[in-house]
Amino acid sequence: MDSHSDKEWAAGNYKHGYGFHPLVAYVDVSGQSSPEPLAGMLRKGDAAPGESKDHLKLLKAVLAQLSRTMA
């Protein structure tokens, strides 16, 4: 996701530009035409795609979201 360089959290990326590296989790709901977003986080543009710390943080947010909807 490209951005102007003075935006909060924008960082240089491998394409020599500035932007963000969002991480988003969706759930496929039967009978709906598009997936339902559960959680997301906006990361710096130079964030590693396989950063386990970020994936675990997102998973915790997803589980919290699901536990609220299941109660």
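Nothing here was measured: the structure is a model prediction, and the numbers come from that model. Worth knowing before you read on, the calculation uses all heavy atoms, side chains too, and leaves out hydrogens, waters and symmetry mates.
Counting side-chain heavy-atom gaps under 4.5 Å among Ile, Leu, Val, Met, Phe, Trp and Tyr, Leu56 is found in no cluster with other residues.
Annotation: side-chain contact (heavy atoms from CB on, under 4.5 Å) contacts of Glu51 (sequence neighbours excluded): Arg43, Ala48, Lys53, Asp54. Checked against side-chain contact (heavy atoms from CB on, under 4.5 Å), Ala25 has the following partners two or more places apart in sequence or in another chain: Leu58, Val62.
Taken from CD in Glu36 to CD in Gln65, the straight-line distance is 8.5 Å, to the nearest 0.5 Å.
If you chain together hydrophobic residues whose side chains sit under 4.5 Å apart, Val24 and Leu38 never meet in one group.
Pro35 and Tyr26 make their closest contact through CB-CB, 3.9 Å (heavy atoms, listed as atom of the first residue, atom of the second, distance).
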